[in-house]
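Before any comments, here is the structure.
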Amino acid sequence: MPFGTISNVKISGITCAIPDNKVYTKQYTDRFGEDELERLAEETGVTSTCRVLGPQLASDLCYEAAESLLNSLGWERESVDALIYVSTSFDYTEPATSGVIQHRLGLSTDCIAEDIRLGCSAFVYGLVTAGSLMQTGGVKRALLLCGENVSKTTAPSSTSDLLYGDAGSATALEWDETCSRPIHYLLRTDGNRFKSIFSRSGGARHPDGEDIYTITSGVDVFAFSIREVPKTILEFMEHYGLQGDDLDLYAFYQANEKVIGRIIKWCKLPPEKVPMSLTRFGNTGAASVPIAISTYLEDKERDRGMHILGSGFGVGLSWGVVDMFLPKDAPVEMFFTRNYYDDDNDCTVTAP
Amino acid sequence: MTNEKKLEMLADAMGVEAAELSEGMELKDIVKWDSLASINFIVLLDDEFDKEVSAGELKRCKTVEDLLELME
């Protein structure tokens with residue numbers, strides 16, 4: 001029963017960084033034909049994505065988001081006790097990307113930095129991991145970074161590869177004993193289906209294989225997404241006594257319009273509370289949930305805190321549901337960036 | 001439901017004209033029978049026939065007739 005509750009952890013802010021490089025699916029007309037691309041748009045809701053520029057990576061987007069969020073919150077660098085980076089996109093085989101970001105942010109060495117290798121379910125797993133760490137007493141402030149540069153690992157050999165966009169996010173968590181709204185979670189894994197979304201080569205088992213790109217068994221993953229995911233969400237809501245109207249916002253992994261539509265239908269959710277950030281940014285993988293939250297809240301005046309249900313589901317197969325409370329005054333920001341890290345010269349560079 | 005009606009629905013899911021489909025056709029010969037069409041077919045079974053079909057069951061279908069049989 002992987003249900004659980006995390007108490008006294010406040011969500012202090014969420015910032016998302018998007019690569020300043022819009023790519024329209026119609027740019028691929030020569031390869032796939034106009035009809036096929038129109039069909040793709042109709043079926044999935046995606047007509048454009050934002051993709052990393054040249055050497056830019058997910059870690060750069062997460063770094064920019066974290067830098068901006070720390071400044072907005074006025075947090076001293078020394079006060080951050082943990083940095084968790086959750087992604088399927090890493091700078092190096094080793095060391096962990098979280099350490100590289102810790103260095104760039106100028107955080108203290110008295111800081112836990114670790115990577116978690118998850119994609120679609122990144123935010124929910126990362127939130128639970130960071131929140132759980134805070135229950136142990138040593139971590140008072142944590143940064144959860146979820147990002148992806150999937151466009152570098154999918155080959156545009158089929159139209160479905162055009163659905164992926166890149167993005168980075170930073171979520172600030174703070175130990176706060178006055179916080180009356182706990183985080184609840186339900187996390188699941190089905191490793192029996194590990195090949196459903198699969199990059200066969202490049203790891204230690206097939207180091208020299210040619211099939212380095214991610215292959216998604218679309219039909220398998222779709223069937224999973226429209227069955228197990230709504231069931232899990234309903235189970236979660238029933239377990240914690242939540243009704244559809246109790247929540248202000250439902251932030252889902254941005255698979256495609258059809259999948260989210262099925263979840264809305266099966267869970268009987270109010271569609272106006274379910275943002276489809278994929279229509280602007282495509283499927284942003286690990287960053288999906290924070291991007292969906294930011295898309296929904298970026299131009300809204302908040303006169304109260306928001307009770308949010310988040311769900312990520314996919315590669316692993318790994319999925320989960322959380323509910324959390326975003327205080328009224330917590331900053332929620334989103335911006336575009338052309339910056340990346342030049343590790344030879346240890347500096348940030350802006351792409352032309 | 002008549003097979004004619006089912007063919008119409010199937011054609012709609014594939015994004016082709018019903019006249020382009022016949023029961024004996026092999027799915028491998030239908031260009032539009034791809035993952036998007038398969039996903040539409042899963043949704044169709046779910047909405048219109050209240051039926052869950054697994055990806056495995058779908059993969060075992062070789063002809064248009066096999067798909068029509070699922071539409072019960």
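Quantities reported herein were computed from a predicted structural model and do not represent experimental measurements. Letters go in sequence order (proteins before strands), and every chain restarts at 1.
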message: Test side chain to side chain contact (heavy atoms under 4.5 Å, CB included) on B:Ile42 and A:Arg262; report intermediate values, then the result.
response: CA-CA 11 Å; B:Ile42 292 174; A:Arg262 304 308 288 176; over 6 Å; no

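- Residue A:Phe3 qualifies as enclosed at atom CZ: its count of foreign heavy atoms under 6.0 Å is above 12.
- No more than 12 heavy atoms of other residues, nucleotides or ligands sit less than 6.0 Å from atom CD of A:Glu34.
- The stretch residues 15-39 of chain B places B:Lys32, B:Asp34, B:Ser35, B:Leu36, B:Ala37, B:Ser38, B:Ile39 near chain A, each with some heavy atom under 4.5 Å from a heavy atom of that chain.
- Within 6.0 Å of CD on A:Glu238 lie no more than 12 heavy atoms contributed by other residues, nucleotides or ligands.
- Within 6.0 Å of the NZ atom in B:Lys51, the count of heavy atoms belonging to other residues, nucleotides or ligands exceeds 12.
- In this structure, chain B has no heavy atom under 4.5 Å from any part of A:Glu42.
- Taking a cutoff of 4.0 Å between a charged side-chain nitrogen and a carboxylate oxygen, B:Asp46 and A:Lys265 do not qualify as a salt bridge.
- At least one side-chain heavy atom of B:Asn40 sits less than 4.5 Å from a side-chain heavy atom of A:Lys258.
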